[in-house]
Amino acid sequence: REHFHYIIETDTVAFTDCVNCLVAFTNSEAGSEVCLNALAFLRFCALKLAEGALGDLEETAATEKQLADGIVDVTPSKAATTTTCFTDAEAHTYFWFPLLAGLSELTFDPRSEIRTSALEVLFDTLKFHGGSFAPGFWSRVYSRILFPIFDHVRADIAPSAIRGDGEDYEVSAADIDDWLYGACTRCLELVVDLAVQFHEAIVEADIMPSLLDLICGLSTRSHEQLAACGVVAFKRLLINGAPLMQPKEWQQCMQALKKAFSLTTPDYDLLTTSEIDESNKSTANASLVRIKTQLLLVSAACDLFQQVIESRETSNADTIYVLLDVLEEVHTKAARAGRTFRERASDLTQLAREAKPLVLAVEVSAAALALRTLATLQAETQERSAQLVRMMNAALENYIHTTEIVTDADIREDAQGSAQVVVDALEAARALSEATFQSNISTTYPLLVALIRRGSKQTEVTNALSDLFRERVGPLLARSIP
């Protein structure tokens, strides 16, 4: 550190040789102390480069080319410290990218302390100095440095020996899980945080679609931890980035979320069959993972809706409508599968029994979120009244069907789990305009009567039903009597 200026005093381009040397030391078998010290020096090199210690990079790169071509015989002068904005010009990437690429490769070093430190140095460098990066530079950082990190995750890696300079590292399955999925989770969080911190430059560089594709791809994997990693990153991007997003970014995010829901649709028909053998067991297990992923996606959507409502100035109605349509489809499929599970309760496979409460959770959470959001929107617009009525009636029908099966304790538990959705449906009905409620009473009233006949033991259902009859049904019937 004290003698850094001697490295670049007579030959500024020696900086890249210094960086390559430090990366080699970090990647060697010299011992953890030496490797970690090399990483610390790489951090220092990034600091000096960002501070402009190498002087005018355009001039430095031009001099280096002349020397390499033998055009002139010149001794580079001592670099003058300058502050610069780094662009995607070759002169800038020539000095930055060996350092960033070296750190990127080290983030998946088989030694835990090395990859953790490399990850910290890489993202600290980008976080602290990213304000000096132009959109074009960020585009190259994401395409050449950050996105390739996840190529390790996309590949199918089995326990193996990874050769170092001295001897092989034996990597177990547990180490690989920690290596790939542990590092992947943290790395993806940091990638998303950069996109939020430098949102304007990232959007201008058109990086958002590629970032969403990456997150969506991870969210739809059949590996449970990887899928969860992708969903958490999705949620992190949408929640933290909500105040910064414009309508175009909102639309991109909603389409990506819609795609994630579509690609994680479980094979419910397979799970409800009585025959799962070796030929379809893998697909059945993948469907179980997809159910868990959809439950996470609905949870993310729940948090997102609050952000969308608070960011109505930068979002638009279509943003909400896209997600409402997705939630209705998710609920419809899960409700249909749940009904089949209940009808075949005594003939379910072990895998189906494991999936059954998860399917109910997806059904309940998707319906509850959609109904509450639709009810909230009624104060602003009646545009989605038909969807509200459709989902409200579906929720009532599912609950009535569930309570009709009273021979199984699990079914009674299902009814208890669905009670909150009924409450949401009844409260949503009260949010409808008088004209809309009256025009749909012919389809809703028989369901309300059936609900009364079932004599629900859930106090909250009884109270919600009582409120609806007192405020809406009773006055409507009174007006219809001559």
Side-chain angles (χ1 to χ4, degrees), residues 294-295 298-299 301-302 305 324 327-343 345 356-378 384-433 436-438 440-477:
Q294 290 219 325
L295 190 55
V298 173
S299 175
C302 184
F305 263 122
L324 284 172
L327 288 172
E328 182 179 12
E329 183 178 0
V330 169
H331 168 257
T332 299
K333 293 178 179 179
R336 188 184 303 120
R339 179 172 295 199
T340 304
F341 278 135
R342 290 188 288 271
E343 292 173 347
K356 182 173 173 288
L358 297 173
V359 173
L360 176 64
V362 171
E363 174 189 345
V364 168
S365 56
L369 175 58
L371 286 166
R372 291 172 190 172
T373 305
L374 286 166
T376 301
L377 290 176
Q378 294 305 300
R384 286 283 167 142
S385 296
Q387 185 178 30
L388 192 158
V389 172
R390 188 167 58 246
M391 291 202 68
M392 175 186 71
N393 290 344
L396 296 178
E397 288 175 354
N398 289 334
Y399 182 79
I400 293 168
H401 175 267
T402 301
T403 57
E404 288 174 348
I405 308 174
V406 296
T407 57
D408 191 291
D410 290 339
I411 303 301
R412 290 194 292 272
E413 291 183 5
D414 288 355
Q416 294 174 359
S418 301
Q420 184 56 52
V421 178
V422 176
V423 173
D424 290 330
L426 296 173
E427 291 181 350
R430 292 162 57 196
L432 289 168
S433 67
T436 302
F437 186 83
Q438 183 173 349
N440 289 279
I441 192 65
S442 61
T443 57
T444 303
Y445 187 74
L447 295 173
L448 298 177
V449 172
L451 196 59
I452 295 173
R453 287 175 176 170
R454 295 308 308 165
S456 176
K457 296 180 180 180
Q458 306 298 320
T459 304
E460 60 270 28
V461 173
T462 303
N463 291 341
L465 194 58
S466 175
D467 291 341
L468 180 62
F469 267 84
R470 184 180 64 255
E471 295 180 15
R472 305 302 297 271
V473 179
L476 179 60
L477 292 177

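Just so you know, residue 1 is the first one in the sequence shown, and it goes up from there. Not measured: the values here are computed from a predicted model.
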Novice: Can you give me the closest heavy-atom contact between A450 and I400, atom names plus distance?
Specialist: CB-CD1, 3.7 Å
Novice: At their closest point, which heavy atom of A335 faces which heavy atom of R342, and how far apart are they?
Specialist: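 Reported closest heavy-atom pair: O-NH2, 4.4 Å.
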Novice: Is the closest basic N to carboxylate O distance between R339 and E343 below 4.0 Å?
Specialist: no
Novice: So L448 and L426, do their side chains get closer than 4.5 Å, heavy atoms only?
Specialist: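 Heavy-atom side-chain distance check passes, below 4.5 Å.
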Novice: Would the distance check show the side chain of T376 and the main-chain N or O of R372 forming a donor-acceptor pair, the cut-off being under 3.5 Å?
Specialist: yes
Novice: Between the side chains of Q378 and S385, is a donor N or O closer than 3.5 angstrom to an acceptor N or O?
Specialist: yes
Novice: So which atom in G338 and which in V359 form the shortest heavy-atom distance, rounded to 0.1 Å?
Specialist: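 Taking G338 first and V359 second, the nearest heavy atoms are N-CG1, 4.0 Å.
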Novice: Side-chain contact, heavy-atom cut-off 4.5 Å: V473 with Y445?
Specialist: yes
Novice: Could you grab the distance from atom OG of S418 to atom CG of L396, nearest 0.5 Å is fine?
Specialist: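 So the gap between those two atoms works out to 11.5 Å.
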Novice: Keeping the roles fixed (side chain from R430, backbone from L468), state whether a donor-acceptor pair exists under 3.5 Å.
Specialist: no
Novice: For the side chain of T332 and the backbone of E328, is there at least one donor-acceptor N/O pair under 3.5 Å apart?
Specialist: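 Yes; at least one donor-acceptor contact below 3.5 Å.
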Novice: Is there a donor-acceptor pair under 3.5 Å between the side chain of T444 and the backbone N or O of I441?
Specialist: no
Novice: Please round to the nearest 0.5 Å and tell me the distance separating atom CG of D424 and atom CE of M391.
Specialist: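 Spacing of CG (D424) from CE (M391) equals 10.5 Å.
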Novice: Answer yes or no: is there a side-chain heavy-atom contact under 4.5 Å between V364 and Q420?
Specialist: no
Novice: Could you pull out the closest heavy-atom pair between L371 and A395, with the gap in Å?
Specialist: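 Smallest heavy-atom distance, with atoms named: CD1-CB, 4.4 Å.
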Novice: Are H331 and N398 packed together at the side-chain level, in the sense that at least one heavy-atom pair is separated by less than 4.5 angstrom?
Specialist: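 Answer yes - side chains close enough.
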Novice: Measuring from atom NZ of K356 to atom CZ of F341, what distance do you get when rounded to the nearest 0.5 angstrom?
Specialist: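 One gets 8.5 Å once the value is rounded to the nearest 0.5 Å.
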Novice: Taking all heavy atoms of A367 and all of V421, pick out the closest pair and write down the distance.
Specialist: CB-CG1, 3.7 Å
Novice: Can you tell me how far CG of D467 sits from CD of E427, rounded to the nearest 0.5 angstrom?
Specialist: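 Reported value, rounded in 0.5 Å steps: 8.0 Å.
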Novice: Using modelled atom types only, decide if a donor and an acceptor are shared between the side chain of R384 and the backbone of L324 within a distance under 3.5 Å.
Specialist: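 A pair under 3.5 Å: no.
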Novice: Nearest heavy-atom pair of V298 and A366: which atoms, and what distance?
Specialist: CG1-N, 3.8 Å
Novice: Does V362 reach the side chain of V330, with side-chain heavy atoms less than 4.5 Å apart?
Specialist: yes
Novice: Can a donor-acceptor pair be found between the side chains of N393 and E397 at a distance below 3.5 Å?
Specialist: no
Novice: Hey, what do you get for CG (L432) to CD (Q438), rounding to the nearest 0.5 Å?
Specialist: 12.5 Å
